[in-house]
Amino acid sequence: MTAQPTGSTVQASNHLAVSDLVKQFGGGRSLLGRELPAVHAVRKLAFHVEAGEILGIVGESGCGKSTVARMLVGLDAPTSGRIELGGRPLAESGKPIHQRALANRIQYVFQDPLSSLNPRKTIRQTLTAPLVYLKHMNKEQIETRLKELMEQVNLRPEFLSRYPHEFSGGQAQRIGVARALAAEPEVLVLDEPVSALDVSVQAQVLNLLQDLRKRFNLTYVFISHDLGVVRNLCDRVAVMYLGRIVETAATDTLFSNPQHHYTRLLLDSVPGTGKQLGVGDQANAELPDPLNPPVGCAFAARCPAATDLCRQADPELEGTDAHAVACYHPEK
Amino acid sequence: MTTNSQTPLLSRLLGRQHSRTSPLALLVRNRLAAAGLVVLCLVVIIALITPWLPLPDPNATQPSDRLISPFTAGHWLGTDQLGRDILSRLLWGTRVSLVVGIAATLVAAFVGSTIGIMAGYFGKRVDSMLMRGIDMMMAFPYILLALAIVAVLGPGLLNALYAIAIVNIPFFARNVRGVAVTLRNREFVDAARLSGKNHFLILVTEILPNVLPVIVITMSTTVGWMILETAGLSFLGLGAQPPQADLGSMLGEGRRLISTAPFVSTVPGVMIFILVMSINLLGDGIRDALDPRLKAGALRRPAARTRTSAEARQAVQYKQKGVLDVRSLRTEFHLDNQVHRAVNGPTFSIEAGECLGIIGESGSGKSVTAMSLLGLVASPPGMIMGGQVNYRDTNLLGISDNDLRRYRGGELAYIFQDPLSTLHPLFTVGDQLVEAMRAHYAISYTDAWKKAVALLEEVRIPNATKRAHSYPHQLSGGMRQRVSIAMALANEPKLIIADEPTTALDVTVQAQILALLNRLRDDKGASLMFITHDFGVVRQVCHRAAVMYAGEIVEIGPVEEILAQPAHPYTRRLISCVPDVGRKTDKLEEIPGLPPQVNNLPEGCKFADRCDLVTDQCRQAPIELETLNEQHQARCIFAKEMV
């Protein structure tokens with residue numbers, strides 16, 4: 001994976017590549033021609049994921065990480081920008097999304113396992129849908145594949161005839177993973193897949209995800225706010241703040257040598273590491289308003305190293321493939 | 001991470017229970033609805049077999065036999081002004097009224113639900129266009145619209161049916177749209193899109209099964225009304241045309257003879273009453289059985305205080321330890337003849353100025369323990385069965401309601417997980433702080449307001465003077481939680497019970513709140529009982545910790561000692577489950593299996609089924625707490641070997 005500056009060309013190899021991705025909610029004009037408020041959920045995002053790699057996207061609520069995930073799988077259309085998989089465009093601004101073609105190659109695992117299952121359908125009905133509509137299988141093939149899927153996520157095949165409310169959170173999330181795997185995609189986008197689960201169950205699901213990746217050579221985009229989980233699962237990490245990537249690096253590099261002050265703050269905020277919490281955070285500073293983002297660096301108001309330059313211009317993501325940071329005064 | 005507070009817990013318990021009881025069983029259990037069902041079935045059966053009954057032709061006139069009184073041989077309900085048999089006309093008329101009413105309901109349900117589902121699912125322009133059309137229909141007075149439609153189409157039974165179906169479409173459209181809008185945003189609809197389903201398939205196979213209960217409820221509550229309307233139109237001569245019998249037209253014809261032969265109009269009137277009454281009773285029953293809100297017990301108002309057994313109300317017999325001394329607390333939920341033992345005898349005490357952490361996974365009973373202390377567990381179904389909660393040498397479980405109210409939010413204050421649901425949305429945060437103070441002390445509004453602003457400054461809210469005038473929704477999650485903390489501090493508490501206060505917050509905001517709680521505890525000398533699922537948070541703020549599993553404390557001791565040398569296998573394995581932010585491991589430790597169900601707890605060690613050290617001895621009898629040192633205890637027979 002390379003962290004490319006925005007607007008560069010995309011290499012044609014088998015990986016997921018995002019360039020200049022923008023998503024704006026609202027906006028436009030009212031009937032009387034008045035401009036309506038717009039939220040820039042994602043602002044000029046660019047990243048690559050190599051085949052077989054796990055890219056972690058970290059950020060706090062409202063930073064746009066879930067919006068990125070939904071655009072990757074086609075649930076939301078980008079306002080502008082490109083998403084490519086293996087050199088072929090998946091989504092381009094202005095063109096309609098081919099949901100079925102997309103769903104065959106890139107799938108999604110939801111945060112809340114229970115609400116992503118229809119309460120009035122058995123697990124068999126839920127898992128059969130992608131096999132029928134995406135894989136066009138006949139009855140026999142479906143039966144074989146259903147058993148195979150249940151085995152892959154370590155669930156007993158009798159569970160197929162049960163309804164979602166009969167499952168615990170961990171079991172339901174495994175069904176969510178099975179549903180995503182059913183279409184045999186190349187890429188899984190996982191949006192906080194373990195944040196609704198208890199710690200002991202969370203470990204079960206994370207280990208399952210690791211095993212599945214090795215077994216099927218899957219590529220993951222793993223979205224999370226839990227730095228411990230990201231550290232243990234991901235190969236590379238991108239840190240998002242207010243719709244932009246502010247730093248990206250290999251996991252170990254990022255955790256041992258964070259260069260953006262926001263990354264540093266995130267790491268220092270993890271409780272129980274023996275350090276005093278949140279040192280250097282201007283805790284009283286107001287968080288930036290996404291309806292009216294600041295001109296300069298969005299983090300400037302909370303940043304201990306902010307200068308006038310930071311408040312006037314927004315730094316671009318710059319650096320090497322191994323480590324890129326969007327900051328005028330990075331930590332050394 | 002884990003979301004866990006009392007209401008979801010309760011609805012989880014209730015939801016599981018009731019999902020096993022079929023709607024039909026619920027319906028039959030409701031006596032009025034069952035009576036309605038029986039009466040309606042009788043009427044329908046009689047109407048169905050009417051053509052085979054030995055009855056005279058309903059339309060055959062016999063001028064010589066006009067207006068014969070009821071209970072005459074051959075004419076059990078008498079004859080009308082044209083000498084037609086009223087019994088025969090009544091049964092044939094009921095048939096017509098039923099068919100027209102039900103047909104109109106089906107038409108209205110089909111068209112209205114289609115409009116509602118489409119509007120709700122597609123939203124935006126489709127929604128605006130369809131629903132504005134519906135609004136226009138609703139702008140006309142209901143019966144006038146029906147009359148106008150019949151006036152245009154011409155009188156006749158079929159036209160009356162159309163008119164009634166059309167005027168009822170808005171009810172279905174609006175009800176169904178409301179449900180469809182919430183369903184559209186549910187994740188399983190997104191999941192269906194990702195499974196390759198198109199809009200039509202999603203509407204029919206995902207949305208429709210979930211709105212069906214609403215359609216059935218609306219049908220069952222409107223069908224009686226539609227039968228009445230059909231009768232109304234026929235009464236006015238716009239529905240059934242002579243000589244056809246229909247309950248409304250019979251009533252209309254009998255109206256002129258009301259003084260000379262009242263039975264001619266009374267008989268169809270009674271039938272309309274029986275029919276509509278039975279349908280309405282049944283409809284209410286169906287609604288109660290299918291409405292999910294009623295299942296979750298939302299309409300049951302819990303008592304102001306948890307019911308407490310006589311045993312738990314006994315006075316303190318000994319000198320209590322620390323600020324708060326809890327002994328063998330037992331709280332149960334009694335649901336559908338099943339007993340859910342949520343809290344099974346935890347014993348702990350909190351010293352002045354100390355922070356005790358209660359750690360556990362969802363369902364471990366940590367929140368119910370905290371709620372039980374001041375009787376906040378919803379009752380029914382909650383019940384405190386035993387134990388003592390001692391504060392100032394009094395058992396809080398035994399004091400009067402008035403005394404308890406004085407402690408709540410006074411010397412003993414709570415902070416909950418989700419400040420948005422604990423703060424009132426319609427009052428400013430300043431007003432709510434003032435109310436919290438004035439509920440406990442006689443203090444003027446202006447003085448209280450000044451103190452409220454000072455409190456907001458104390459919890460480091462910028463621009464406190466201005467922010468006191470804000471409503472909760474205008475504040476960020478972190479700011480709202482600061483307001484909750486300010487409210488807990490308002491009456492100088494001796495003990496603050498914080499139930500996952502930072503779980504819903506971002507990690508940087510959590511860090512700020514934890515630092516704030518630490519500082520306040522130091523400054524004020526208040527004790528803190530901190531409920532969480534996160535070992536990192538416990539290490540950051542707590543002196544001692546108690547680990548809960550299946551309603552029991554399995555280990556209690558100083559935080560550093562528990563983290564460094566856990567004595568219970570559950571504690572040890574739970575700690576190693578947590579992914580460490582400081583280093584990378586190849587494979588995370590996991591605990592296989594699930595915690596036991598609280599309505600079916602094992603006799604011996606509750607962790608036995610998931611433990612790698614389990615022996616036969618573990619399962620035989622309840623395990624007692626082993627004392628490792630003065631402060632550290634663990635509920636495991638191997639505790640001493642583990643350390």
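All chains are named by letter (A, B, ...) in the order of the sequence lines, taking the proteins before the strands, and each is independently numbered beginning at 1. If you're wondering where the values come from, they're calculated on a predicted model, not measured in any experiment.
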(request) Would you mind checking which part of Gln204(A) comes under 4.5 Å of any heavy atom in chain B, side chain (CB onward), backbone (N, CA, C, O), both or neither? (result) both
(request) Name the region of Leu227(A), side chain, backbone, both or neither, that has any atom closer than 4.5 Å to a heavy atom of chain B. (result) both
(request) Verify, without hydrogens or angle tests, whether Asn232(A) (side chain) and Asp580(B) (backbone) share a donor-acceptor contact under 3.5 angstrom. (result) yes
(request) Flag yes if more than 12 heavy atoms outside Arg125(B) fall under 6.0 Å of its CZ atom; otherwise flag no. (result) no
(request) Verify whether one side chain among Arg186(B) and Ser116(A) offers a donor that lies under 3.5 Å from an acceptor in the other. (result) no
(message) Show the nearest heavy-atom pair for residues Gln510(B) and Pro271(A), with the distance to one decimal.
(response) NE2-CG, 3.2 Å
(request) Measure from the side-chain N and O atoms of Arg231(A) to the backbone N and O of Gly582(B), and report whether any donor-acceptor pair falls under 3.5 Å. (result) yes
(message) Report which part of Cys63(A) has an atom under 4.5 Å of a heavy atom belonging to chain B: side chain, backbone, both, or neither.
(response) neither
(message) For residues 169-179 of chain A, give me every residue with a non-hydrogen atom less than 4.5 Å from any non-hydrogen atom of chain B.
(response) Gln171(A), Arg179(A)
(request) Check whether the side chains of Thr508(B) and Glu60(A) place a donor and an acceptor atom closer than 3.5 Å, and report yes or no. (result) yes
(message) Rounded at 0.5 Å granularity, tell me how far NZ in Lys584(B) sits from CG in Asp235(A).
(response) 5.5 Å
(message) Side chains of Asp226(A) and Pro579(B), heavy atoms from C-beta outward: is any pair under 4.5 Å?
(response) no
(request) Could you grab the distance from atom NE2 of His533(B) to atom CD of Gln202(A), nearest 0.5 Å is fine? (result) 8.5 Å
(request) Verify, without hydrogens or angle tests, whether Lys121(A) (side chain) and Thr205(B) (backbone) share a donor-acceptor contact under 3.5 angstrom. (result) yes
(message) Heavy-atom cut-off 4.5 Å, strictly under: side chain, backbone, both or neither for Ala129(A) against chain B?
(response) both
(message) Less than 4.5 Å to any heavy atom of chain B: does that hold for the side chain of Asp211(A), its backbone, both, or neither?
(response) side chain
(request) Decide if atom CZ of Arg583(B) counts as having more than 12 heavy atoms of other residues, nucleotides or ligands within a radius under 6.0 Å. (result) no
(request) State, without any angle test, whether Ser200(A) and Glu361(B) hold a side-chain donor-acceptor pair at a distance under 3.5 Å. (result) yes
(request) Could you tell me which of Leu201(B), Val189(B), Val537(B) has the largest number of non-hydrogen atom pairs under 4.5 Å with chain A? (result) Leu201(B)
(request) Sort Asn518(B) into side chain, backbone, both or neither according to what part of it lies under 4.5 angstrom from a heavy atom of chain A. (result) neither
(request) Flag the pair Leu206(A) / Glu590(B) as yes when at least one side-chain heavy-atom distance between them is below 4.5 Å, and no otherwise. (result) no
(message) With a 3.5 Å distance limit and no angle check, can you tell me whether Asn118(A) reaches the backbone of Phe188(B) through a side-chain donor-acceptor pair?
(response) no
(request) Sort out for me which of Arg610(B), Glu206(B), Glu589(B), Arg573(B) touches chain A most, counting heavy-atom pairs under 4.5 Å. (result) Glu206(B)
(message) Just verifying a value: how many Å separate Leu75(A) CG and Asp190(B) CG, rounded to the nearest 0.5 Å?
(response) 4.5 Å
(request) For chain A, find which of Val541(B), Thr585(B), Asn210(B), Val578(B) contributes the most heavy-atom pairs closer than 4.5 angstrom. (result) Asn210(B)
(request) Side chain from CB out, backbone as N, CA, C, O: work out which of these in Pro592(B) comes under 4.5 Å of a heavy atom of chain A, or both, or neither. (result) backbone
(request) Starting at CD of Glu187(B), measure out to OH of Tyr108(A) and round the result to the nearest 0.5 Å. (result) 7.0 Å
(request) Hey, could you give me the CG/CG distance between Leu194(B) and Asn104(A), rounded to the nearest 0.5 Å? (result) 11.5 Å
(message) If I compare all heavy atoms of Arg193(B) with all of Gly74(A), which pair ends up nearest, and what's the gap?
(response) NH2-O, 3.9 Å
(request) Nearest 0.5 Å please: distance from the OG atom of Ser195(B) over to the NZ atom of Lys135(A). (result) 12.5 Å
